[in-house]
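Quick caveat, the model's predicted, so the values are computed rather than measured.
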Amino acid sequence: MFLLRFLLVLSLEWYFLLENHLKIQMKSFLKKILSLEWYSQQEKHLKIRMKKFLKKRNHLKILLNSFLKTVLSLEWYSQQEKHLKIQLKKFLKKVMFLLRSLLVLSLEWYSQQEKHLKIQMKKFLKKENHLKIQMNSFLKKAMFLLRSLLVLSREWYFQQEKHLKIQMK
C-alpha cells in the first residue's frame with residue numbers, strides 16, 4: 001500500500017514537473033518565434049496537447065484521491081495507533097531501565113567516593129598525629145636548649161661580673 005501511494009505521489013510530482021517544464025519550454029519558444037504563422041500553428045498544437053495533458057492530470061488526481069481515501073481509512077489509522085502504542089511502551093521500558101541503571105551506577109560511585117574519602121581521612125589523621133608528636137618532640141628539645149642557653153648565659157654573666165670585680169680591685 002505504501003509503495004503504491006509512494007508511486008502515485010512520485011507520478012504526480014513527475015507530472016507537475018513535466019507541466020512546469022512544458023510551461024518553461026513554451027515561454028522560450030515564444031521568444032524564439034520569428035513568424036506569426038508558425039506561432040499560430042504551434043499555439044493550436046500546444047493548446048490541444050495542453051487540453052490532453054489537463055484531462056490526464058485531472059484523471060490522475062481523481063485516481064489518487066480515491067486511493068488516498070481507501071488507504072487512509074479508519075482501520076489503517078487504528079492499526080497505526082496500536083503500533084505506536086506498542087512502540088511507546090517499548091521505548092518507556094528502555095528509558096526506565098536506563099534510569100534505574102543510572103541510579104545504581106550513581107549510588108555505586110557515591111559509595112566508592114565515600115570509601116575513598118574515609119581512607120584519605122584516616123591517612124590525614126595519621127599524618128596529623130605524627131606531626132603533633134614531632135612538634136612536641138621539637139618543643140621539648142627547644143625548651144631544653146633554651147634552658148641550657150639560659151644557664152650558660154647566667155654562668156657567663158657571673159664570670160664576666162667576677163672578672164670585672166677582679167679588674168676593678
Side-chain angles (χ1 to χ4, degrees), residues 1-31 46-47 49-155:
M1 290 294 243
F2 175 75
L3 185 58
L4 286 174
R5 193 171 48 189
F6 179 73
L7 289 175
L8 279 175
V9 169
L10 280 180
S11 64
L12 272 180
E13 286 180 6
W14 176 81
Y15 220 64
F16 290 126
L17 286 174
L18 182 62
E19 182 181 13
N20 287 337
H21 182 67
L22 286 175
K23 285 180 183 178
I24 293 169
Q25 279 189 346
M26 195 164 128
K27 287 180 183 178
S28 70
F29 278 131
L30 290 176
K31 289 179 183 176
L46 283 176
K47 282 182 181 179
R49 289 183 67 192
M50 192 61 125
K51 285 180 182 178
K52 288 180 183 178
F53 176 80
L54 289 175
K55 284 180 183 178
K56 287 180 182 178
R57 188 185 78 175
N58 288 337
H59 181 66
L60 278 175
K61 279 184 180 180
I62 292 168
L63 286 176
L64 180 64
N65 283 335
S66 71
F67 176 76
L68 288 176
K69 286 178 184 176
T70 306
V71 170
L72 300 176
S73 66
L74 289 175
E75 291 177 26
W76 184 80
Y77 273 122
S78 66
Q79 289 174 356
Q80 292 302 314
E81 186 179 6
K82 288 176 185 176
H83 179 70
L84 286 175
K85 284 181 181 179
I86 292 169
Q87 293 296 327
L88 182 63
K89 284 181 182 178
K90 288 179 181 178
F91 175 74
L92 288 176
K93 284 181 181 179
K94 288 178 182 178
V95 167
M96 290 305 293
F97 174 76
L98 289 174
L99 286 175
R100 282 191 299 269
S101 300
L102 185 62
L103 178 64
V104 168
L105 288 176
S106 64
L107 288 175
E108 287 176 6
W109 179 84
Y110 175 75
S111 66
Q112 288 175 355
Q113 292 301 314
E114 190 176 21
K115 288 176 185 176
H116 180 69
L117 285 175
K118 285 180 182 178
I119 292 169
Q120 294 295 325
M121 187 59 96
K122 286 180 182 177
K123 288 180 181 178
F124 174 74
L125 291 175
K126 284 180 183 177
K127 287 181 182 178
E128 185 182 27
N129 286 336
H130 181 70
L131 285 175
K132 283 181 182 178
I133 292 169
Q134 284 183 338
M135 183 63 91
N136 285 336
S137 171
F138 173 75
L139 288 175
K140 286 178 183 177
K141 290 177 183 176
M143 288 304 291
F144 174 76
L145 287 175
L146 284 175
R147 281 193 296 268
S148 300
L149 187 60
L150 181 62
V151 169
L152 287 175
S153 64
R154 280 185 186 171
E155 288 178 12

CG on Leu150 to CE on Met143, rounded to 0.5 Å: 10.0 Å
Separation of Phe124 CZ from Asn129 CG (nearest 0.5 Å): 10.0 Å
Spacing of CG belonging to Leu64 relative to NZ belonging to Lys69, to within rounding of 0.5 Å: 11.0 Å
Check: Leu105 and Glu108 side chains under 4.5 Å, non-hydrogen atoms: yes
Distance-only donor-acceptor check, side chains His21 and Gln25, under 3.5 Å: yes
Spacing of CG belonging to Leu54 relative to CE belonging to Met50, to within rounding of 0.5 Å: 5.5 Å
Test item: Leu131 and Glu128 side chains (from C-beta on) under 4.5 Å apart, heavy atoms: no
Value rounded to 0.5 Å, distance of OG in Ser66 from NZ in Lys61: 14.5 Å
Between CD1 on residue Ile133 and OG on residue Ser137, distance to nearest 0.5 Å: 9.5 Å
Side chains of Gln134 and His130, donor plus acceptor under 3.5 Å: yes
side-chain contact (heavy atoms from CB on, under 4.5 Å) evaluation trace for Leu63 with His59: CA-CA 6 Å; Leu63 286 176; His59 181 66; 3.6 Å; yes
